Each structure stands twice: as C-alpha cells, then as structure tokens.
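Structure record follows, encoded as structure tokens.
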Amino acid sequence: MRRSDLGEFEELVLLAVAVFTPEAYSVVIAEELEQQTGKVVTTGAVHAALQRLENKGLVSSQMGEATPERGGRRKRIFKVTVAGSRILHEVRNVRNNLWSRIAPRTLPKIKTT
Amino acid sequence: MSKSKLPNYPPRWLDKLVERFCAPHLLEQVMGDLHERYYRRAEREGDAKARRMYWREVLAYMRPSVFKRNTLYHTKPFAAVMFRNYFTITFRNFLRMKVYSGINILGLTIGLACSFLILLWVVDETSYDRFHTNGPQIHQAWRHFITGGQTYTMPSLPRGIADEMSAEFPEVEETVITFMDQELVATNGDKNYREKGGYVGATFFRIFSFPFIHGNPETALQGMTSAVVTERTARKIFGDDWENALGRSITVDHRKEFTITGVLQDVPENSSIRFDILLPVEEYFASHQGRAHWYYMAYGIYAKLNEETSLEEFNRKVGDIFNRHTKATDHRIFLQPFEDIYLHSFYRDGKLIGGRIEYVRIFTAVAIFILVIACINFMNLATARSSQRAREIGVRKVIGAYRKSLIMQFITESVAMSFIAFLLALVIVISLLPAFNYLTGKHLTPENLNGPILLGIIGITLLVGTLSGTYPALYLSSFKPVAVLRGSFKQRSGSAVFFRKGLVVFQFALAVLLIVSTVVVYLQLDYNRTKNLGLERDNLLFVAREGALIDRYDAVAQELLKQPGIATVTASGQNPLEVGNNTLDIEWEGKDPDNSQLFYIINTYHDFAKTMRMELVAGRDFSKTFADSMAYLVNEETAKMIGGPVPIGIGSYRGRYQDVVGKILNVYGENGPIVGVVKNFSMNSLYAPIEPVVIRLHLEWASQLYVRTQPGETQQALESLKTVYQKFNPDYPLQYTFLDQQFEQRYRSEQVTGKLANIFAIIALFISCLGLFGLTSFTVEQRTKELGVRRVLGASVSGIVVMLSKDFLKLVFIGFMLATPVTWYLTNQWLQNFADRIEIGAAVFLLAGLAIILLALATVGWQSIKAAIANPVDSLRNE
C-alpha cells in the first residue's frame with residue numbers, strides 16, 4: 001500500500017476517527033469537519049470515505065447501539081487500525097519535516113484566526 | 001432534543017428513495033445517519049434549513065458503493081424455505097375456505113378453458129396458407145370491375161392476365177392459371193369416383209408447396225394427359241395398390257384418359273386451395289372452346305414475385321393490363337399477398353374491408369373479456385376476504401417480513417391458484433375438443449396444444465395469476481400490524497371498497513355487452529335463416545347435368561315427374577341464391593346509352609319459377625305449353641329499369657310490371673320477349689342489395705337439374721331420383737345437393753360465430769354471477785351479528801333481503817347503464833354488414849337487462865334470504 005492512496009479528505013476523516021474514538025461514526029465526523037473547514041460536509045461523503053478506508057484496512061468497524069434520534073437504528077462505530085495509525089504517523093512526519101525546513105518569513109504573511 | 005416541539009419528520013419520499021436504492025445491508029446505518037444528521041441540523045438551524053440540506057445529504061449517498069448489494073445477504077435457501085411456507089399457507093387457506101377458493105378456481109378454470117379454446121381456434125385460423133415455402137412471394141391477382149358507378153372486386157380472371165404478366169414484367173418469376181373447385185368423375189375400369197379437383201398450369205408446384213409422395217413436381221403437370229392425385233384419392237381408386245399408382249391411367253368425366261404422374265400428400269387442413277385431382281389446364285383450354293378468351297373470366301391467377309419487388313409499385317404498373325384487351329369496360333388488376341387472403345378478402349367499393357379476420361378479432365376480444373371477468377372475481381374475493389388474512393399479515397410483519405416478501409407471498413398464492421385452474425382447464429379443453437370441432441368445423445386435436453401454444457397458454461396462466469394477484473397483494477401487504485393486531489379488524493378503507501364496487505360494475509358491464517351483442521347477432525342470423533328469400537329453398541335439390549342428362553334432359557324430366565315424391569323439375573345453370581354470372585351485354589328499346597348497369601344472368605329452362613316457387617308479379621313462367629325459342633323472365637329490379645320511373649298518380653308498381661311483359665330484350669345479341677316478372681329474390685348474398693336479374697330460357701347452359709320434392713316425402717323422392725338416374729346415367733355416381741343445406745353451409749361461419757358468441761356470453765355472465773355470489777355470501781357472513789340484532793329488534797325478513805340485495809343490484813344496474821350505449825354502437829356497426837337488417841329496439845336491451853338483473857337478484861337473494869331467516873339466537877348466542 002502506497003501513501004499516495006490516502007487522499008486529503010480521507011486523511012481528515014481518518015484523523016477525525018482518531019479524535020472521536022471510541023464514539024467515532026459518520027455523523028459526528030461530518031459535523032466536526034463541517035465546523036473545522038467551514039464547508040458543507042455530507043454524511044454521505046464521510047460514509048464513502050470510511051468505506052474506502054475500511055477497504056484499505058486503515059479503519060475497522062462494528063455496529064454500535066441505537067439512539068432515539070436515529071429512529072432506533074444502530075450506528076457503525078469506527079476505530080483506527082495499526083495500519084491506519086502507521087500511515088497517519090508517516091504523513092505527519094513528512095509534514096513536520098517539511099514545515100521545520102521552511103526558512104522563517106518565506107511564506108507571505110497571513111492573518112491567523 | 002430541545003424543549004420546543006419535535007422537529008418535523010424528514011421528507012418521506014426521499015426516505016423511500018433511499019430505501020429503494022440503498023443496499024439492504026447498509027440501509028440501517030445509512031438511514032440512521034441521515035435521520036440523526038437531520039434532527040441535529042433541525043435543532044441547530046431550524047426545520048427549513050434541515051429539509052433543504054436533506055436533499056444534498058441523500059444525493060451524497062447516490063454512489064455505486066452504496067447501491068451495491070451484498071451477495072451474501074439474500075441466500076438461496078432462505079427463498080426456498082419461504083416459498084415452501086407460502087405454498088403451505090396457500091394450501092391451508094384453500095382447505096379452510098373451500099367455498100371461496102372453489103369459486104375462484106371454478107371461475108378461473110372456465111375463463112382459462114374458454115381462452116385456450118379460442119386461442120387454438122385463432123392460431124389455426126392464422127395458420128392458413130402459411131406452409132408454402134415461397135409463401136411471402138406468392139400473390140393472387142384480383143380485378144376491380146368498375147361499372148355503373150360501382151366497383152365489384154373479384155378474383156376471377158381470364159387466362160390472358162397470367163400470360164401477359166409473365167411476358168411483360170421481369171418482377172414476376174412464375175405465374176399459374178388455376179380452374180379449381182370442379183366436380184370431376186374419375187373412372188378406373190368400371191368404377192366411378194366423384195372427386196373435387198381442378199385444372200392448373202404446369203408451374204403450379206413451382207409456386208405452391210404440396211409435398212409429393214411419388215413423382216416429380218417439376219414435370220408432373222406437363223403434357224396434355226398427366227394427372228396428379230392426393231394419397232386419399234389414390235387409395236380410393238387403386239386400393240392397397242396405390243403405391244404403384246404412378247403411370248396408371250384414369251378416365252376423367254368419361255371424356256379422356258389421363259396418366260397419373262404424381263401422388264401428393266393429402267392437402268393440409270389449413271390450406272385454402274383444396275383438391276384431390278389436378279389436371280393440366282392446357283388440356284382444358286384445348287378441349288373446351290373459347291375458354292382461353294379474354295372475355296372468359298373464370299380463373300384464379302397466382303404469381304410468384306421476385307423477392308425484392310415492392311408490391312405497391314408493382315400494382316401501380318400492372319393495373320392496366322386487362323383494359324388494353326377489352327373495350328368499354330374498366331377492370332383494374334392488382335395483386336394481394338396470398339397468405340393474407342384467407343383472413344382478408346372482403347372488398348366493398350374497391351376497398352379491402354376485412355374478412356374472417358373480424359371473427360379472429362371478435363373472439364380474441366371475447367377471450368380477453370372472459371379472462372378479465374375471471375380475474376376480477378379473484379381480486380374481489382381476495383380483497384373482501386382480507387380481514388381473515390389480516391392477522392396473518394400482522395404477525396408476519398411483526399416477525400420481520402418485508403412488504404416485498406408479503407407481496408411475493410400473495411402473488412405466489414394467486415399464481416398457484418391459477419395453475420390449479422390451468423390443469424383443470426386443460427382437462428376441460430381436451431375433453432371439449434370434439435364438441436368444439438363439431439361446432440366450428442375445425443380438426444383440432446390435443447396435439448395442437450404442443451410447443452408454442454402450450455407455452456402461450458402457460459404464459460396466459462402466469463399473466464392471469466400475476467394480474468389478479470397484484471392488486472390484492474398490494475392491498476393486503478399495506479396493512480398496519482398495530483391496527484390489525486390490536487383488536488377486531490374492520491375494513492374501513494373506503495378506496496378499497498370503492499375499487500371493488502367499480503370492478504363489479506365493470507364486470508357486469510362486460511357481461512351485458514356480451515349478452516346483448518350476442519342476442520343481436522343471434523336475432524339477425526335467425527332473421528337471415530328464416531326470412532323469405534323470394535323462393536322456397538326447402539325441399540329443393542340439384543344434380544349436375546352430365547352424360548345422358550345433357551342430351552336427354554326432356555326424357556329424364558318426363559321420367560322424373562312420373563315418379564312418386566317429385567313435384568316439379570327444371571334446369572338451371574346458376575344457383576338462384578348465388579348468381580355469380582353477370583353481363584353488361586343487355587339491350588332494349590329506349591335503354592339509356594349511359595346505363596352501364598351490370599345484369600345478373602340465370603340460364604334456365606321450363607318450369608323455372610314454378611320449381612323455385614318464385615312469385616310472378618306479372619306474366620307467366622317458362623313452360624313447354626308455349627313454344628318459346630328465346631324468352632326472358634326478369635326480376636323487379638330489372639323491370640323497374642326497363643319500365644322507367646313510376647309516373648305520378650300510379651299508386652303501385654304492379655301495373656308497370658304488366659307493361660314490361662312483352663317487351664323485347666336483347667341478351668348476348670339474341671332477341672326475345674320478356675314473358676314474366678318475378679318478385680325480387682335474394683340472388684347473391686345476404687350482405688349485398690338485390691341487383692337486376694335476367695333469367696334466360698337456354699337449356700344448353702343450364703348445367704344443373706333442379707328437383708323439387710313433395711314436402712315430407714324426401715326419402716321417397718330420393719329413391720325415385722336414384723332409380724331414374726341409374727337408368728339414364730349408370731356411368732356417373734349420383735351426387736345431389738339440397739339448396740337449404742348449401743345455404744346453411746354458406747352462412748355457416750356466421751352461424752358458428754353466433755352460436756359460439758352466445759355460449760361465451762353465457763359463460764361470462766356465469767362467471768360474473770359466481771363472483772357476485774362469493775361477494776354476497778362473504779358480506780352476509782361478516783354481517784351475521786348485525787343481522788341478528790336487526791332481527792331481534794324487529795326487522796322483517798323482506799326488509800333484510802332488500803337491504804342486502806340493494807347494494808349489489810345497484811352495481812349491476814350501473815354496469816348495465818354503462819354498457820348500453822357502447823353495445824348499441826357496436827351492434828349497429830356490425831349490422832351495417834347486412835343489406836337487410838333487423839332493427840335493434842329498446843326491447844332487446846330491456847329484456848337482456850331484466851334477465852341479467854333477475855339472475856343477479858337470484859344470486860344475491862338466495863344468500864340474503866338464507867341470512868335473513870336464520871335464527872338470530874344462533875348468531876348472537878356467543879360473543
């Protein structure tokens with residue numbers, strides 16, 4: 001499995017799974033990403049990303065319990081697998097490496113919120 | 001959840017959409033996620049926003065990974081187990097409710113049996129003339145004869161048409177001249193056999209495919225002395241030695257010897273060209289003078305066209321080839337595909353208006369009607385019975401049955417029922433085939449049920465099962481488990497009841513349509529059969545004038561008249577009920593030069609009107625007491641034309657007819673006086689108006705001997721005829737035809753249609769009543785307690801019967817009202833076919849309506865009375 005298999009959105013979803021574990025499922029992930037990015041994130045998109053991640057072996061899942069607002073339907077709970085953890089770490093290392101090598105003041109100044 | 005009111009439910013139809021496309025194993029989490037997200041949004045941003053976003057959410061799931069079904073989800077064993085369970089339940093229900101199931105199956109069985117018989121008949125009708133290898137290329141030539149402002153279309157042509165077509169048009173690969181349907185006498189040694197046959201061109205077998213047993217099709221009809229016979233005839237003439245018939249000779253018509261050059265398989269039943277002996281047509285032209293001339297139009301001409309030829313284009317080119325050879329008459333030649341002719345051969349005013357295809361259409365419609373009526377029974381009884389199945393449905397749903405599987409269950413049930421009906425129908429069809437054949441004149445056997453037809457009827461059964469099962473399945477599977485399991489379930493669904501009533505109305509409308517139209521058909525046909533044709537067709541028979549009957553007619557007639565049982569004798573060349581023979585070649589003093597009226601000609605001899613029992617309105621009959629050399633009788637139509645219009649002031653035409661008598665008429669160039677006027681008689685067809693007829697005193701062309709027997713002494717008369725015939729004509733087997741039988745035969749298909757349609761209409765009504773019976777008995781059963789209470793409170797028996805019957809009779813009555821205008825229109829359309837037709841009065845409708853309503857009343861009433869007179873104690877004792 002190559003690293004390029006992990007798309008940007010997938011990476012975000014994978015990180016979100018890690019954040020919400022042990023209660024990570026598509027609705028909370030979608031809400032969180034929507035809040036973070038400020039763009040509409042549908043559960044469908046998250047669902048699809050999770051399906052792909054699961055196929056790649058980066059997350060595993062099991063059915064959780066039902067809640068009233070789901071009309072008594074159960075949800076699918078995800079957690080990051082070892083492979084997922086490894087790939088997240090790799091990605092992070094690459095990024096950190098690159099960040100640390102950017103000389104100060106090379107990037108144009110922006111306002112951070 | 002906030003303290004405020006609960007947010008609205010997300011749009012349901014979107015949910016339905018998701019349910020439809022989402023793979024079942026993902027559905028739970030997907031729907032859960034969708035709803036949870038929706039409610040979260042609704043709480044945070046309000047209903048409206050959440051609803052708007054719901055769209056996008058649903059849309060986001062539209063991807064292959066969500067559609068894709070998990071193959072492991074539906075396992076085969078599961079389906080098999082469920083189906084076994086469906087069958088078990090079907091069987092148990094069947095046993096538990098024998099009456100309803102019986103009614104259902106009986107209705108379906110009768111409906112299916114009728115439609116199978118009709119299908120067999122239709123398939124047989126449409127298979128006519130389809131067995132020729134060159135089939136699509138074979139065409140028959142027709143002519144439109146345009147005269148006196150009218151167009152007569154007929155297939156009888158002069159031989160020149162065939163010659164001209166093959167000489168002039170490269171598109172024509174072969175042509176053949178045929179002169180068929182002749183009565184031939186074949187003689188082998190001292191034995192005479194009467195056979196049907198004809199004279200055909202040597203190219204006959206290059207066009208038509210009649211398989212040979214012995215002989216070579218290419219050469220069989222060449223030369224002037226060859227003869228081809230069918231196996232049946234070969235067996236008859238040569239007995240067990242028929243296999244060696246090739247090269248042996250037979251004498252035909254005591255005229256000439258022919259050598260057998262081919263033995264054919266018997267002509268298939270579904271061939272419209274029928275024969276047992278074929279002789280070379282060139283021999284016929286050589287031995288009969290003048291028969292090859294352009295004015296001798298007696299032959300059927302067939303052409304095999306090149307495969308690439310467009311018929312339309314060819315017909316444009318071929319139209320004129322006759323007119324070049326005739327002066328003053330207008331004949332347009334055209335070809336019609338041979339395979340179509342059997343079903344499409346009625347022309348009126350030069351246009352093809354139908355033919356037997358009408359019967360095919362009528363019966364197909366009848367079959368569909370009957371099936372629809374049977375299906376409606378099934379649907380009505382199934383939905384009416386639904387309260388008894390409600391609990392089962394509730395329990396199944398609670399245990400986790402999908403609606404789809406319930407629908408499957410009910411459709412399985414109705415298909416199973418229809419297959420039971422199918423098996424019973426097969427038994428009925430096979431056992432009824434002989435009677436059906438007798439009625440229709442077909443030769444159907446159980447072997448006809450092979451292959452495609454069997455598949456067809458299985459298809460019909462499946463369709464009927466599915467169609468009649470679908471509505472109940474949809475209706476029953478929609479029950480809410482909570483509603484049906486809570487307590488006693490009552491059908492409150494107005495639309496279902498309304499639908500059921502609508503179906504009953506429709507059913508009875510169809511039944512009324514069938515009944516009234518078949519009554520009208522029956523009345524018209526009965527009118528045809530019994531109306532005064534202008535001559536008495538009973539006790540009248542004819543014999544071909546052959547041998548001594550040609551040369552010694554007077555002696556034979558004398559001898560016959562001396563015999564017991566014989567009233568009068570005459571000779572005629574034409575059957576006066578179907579005079580085909582016509583001419584323009586008629587002149588009289590003062591004839592309008594523009595008059596191009598076609599006159600029908602009968603060649604006859606002494607005592608014609610007397611023997612036919614035609615009424616003379618003026619003048620006298622041909623008789624030997626007058627020494628007429630050439631004389632004419634005319635019918636009223638001709639007399640009117642010769643006598644001119646009625647002068648004002650003369651009340652009746654009778655006086656005018658008297659004036660016509662004595663005028664000189666010139667027919668075929670021969671002058672003679674008109675000696676009498678006979679009342680109009682049906683001279684051509686019951687469908688066509690009566691045309692002018694001229695009756696000639698011309699023994700030579702009067703090729704048939706007509707004998708009127710004394711009423712009630714037919715046997716005696718036949719004995720007498722045999723004796724005289726034997727004495728004069730020992731070389732010819734006696735063959736006679738009764739005019740009335742021939743007439744019946746000619747209108748047989750109408751009569752068969754009438755009879756069959758009557759039978760089918762009664763069956764349709766029966767099935768409808770069967771359904772009504774089921775519905776009533778069911779309603780009564782459901783209302784037992786109510787009726788008991790009513791009785792206890794003092795309701796009268798008649799009051800209850802009226803109350804119960806009213807509802808159903810109302811439906812039957814509405815059906816009747818709806819069907820009346822449609823039926824009136826359709827039957828009037830049909831009656832247009834007849835020149836002399838009955839009036840459809842209100843009486844037919846009233847009587848039929850009354851009969852149907854009475855029958856419905858009897859059906860409903862019986863059940864109602866039974867319910868009304870039951871002791872209320874029985875129904876109210878236990879609660």
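As the structure is a computational prediction, the values presented were derived from the model and not from experiment. First the proteins, then the strands, lettered A, B, ... as listed; each starts at 1. No hydrogens, no waters, no symmetry mates; every other heavy atom, side chains included, goes into these values.
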Engaged part of [X] at the chain A interface, taking heavy atoms whose separation is under 4.5 Å:
X     : result
B:R63 : side chain
B:M53 : side chain
B:L26 : side chain
B:V58 : neither

Under a 4.5 Å cut-off applied to non-hydrogen side-chain atoms, are B:Q29 and A:I77 in contact?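 No - every pair of side-chain heavy atoms lies 4.5 Å or more apart.
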Kindly indicate whether the side chain of A:R70, heavy atoms from C-beta on, has any atom under 4.5 Å from the side chain of B:H35.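 No - every pair of side-chain heavy atoms lies 4.5 Å or more apart.
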At their closest point, which heavy atom of [X] faces which heavy atom of [Y], and how far apart are they?
X     : Y     : answer
B:R37 : A:V27 : CD-CG1, 3.8 Å
B:G32 : A:R73 : N-CD, 3.5 Å
B:A60 : A:A45 : CB-N, 4.2 Å

Measure the OH-CD distance between A:Y25 and B:E36 for me, rounded to the nearest 0.5 Å.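 Rounded to the nearest 0.5 Å, the OH-CD separation comes to 3.0 Å.
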Just checking B:F21: does its CZ atom have more than 12 heavy atoms from other residues, nucleotides or ligands closer to it than 6.0 angstrom?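 For B:F21, atom CZ is crowded (more than 12 foreign heavy atoms under 6.0 Å).
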Residues, nucleotides or ligands: over 12 heavy atoms within 6.0 Å of B:R403 CZ: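 Result for CZ/B:R403: enclosed.
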Do NZ/NE/NH1/NH2 and the carboxylate oxygens of [X] and [Y] come within less than 4.0 Å?
X     : Y     : answer
B:E28 : A:K75 : no
B:D33 : A:R76 : no
B:R41 : A:E31 : no

Are A:T43 and B:E57 close enough that a side-chain donor and a side-chain acceptor fall under 3.5 Å?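 Yes - a donor-acceptor pair under 3.5 Å links their side chains.
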Toward chain B, the part of A:A66 with a non-hydrogen atom under 4.5 Å: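 The answer is neither part of A:A66.
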For the candidates B:R40, B:M31, B:R56, which exhibits the highest count of non-hydrogen atom pairs separated by less than 4.5 Å from chain A?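 Looking at each option in turn, the highest pair count goes to B:R40.
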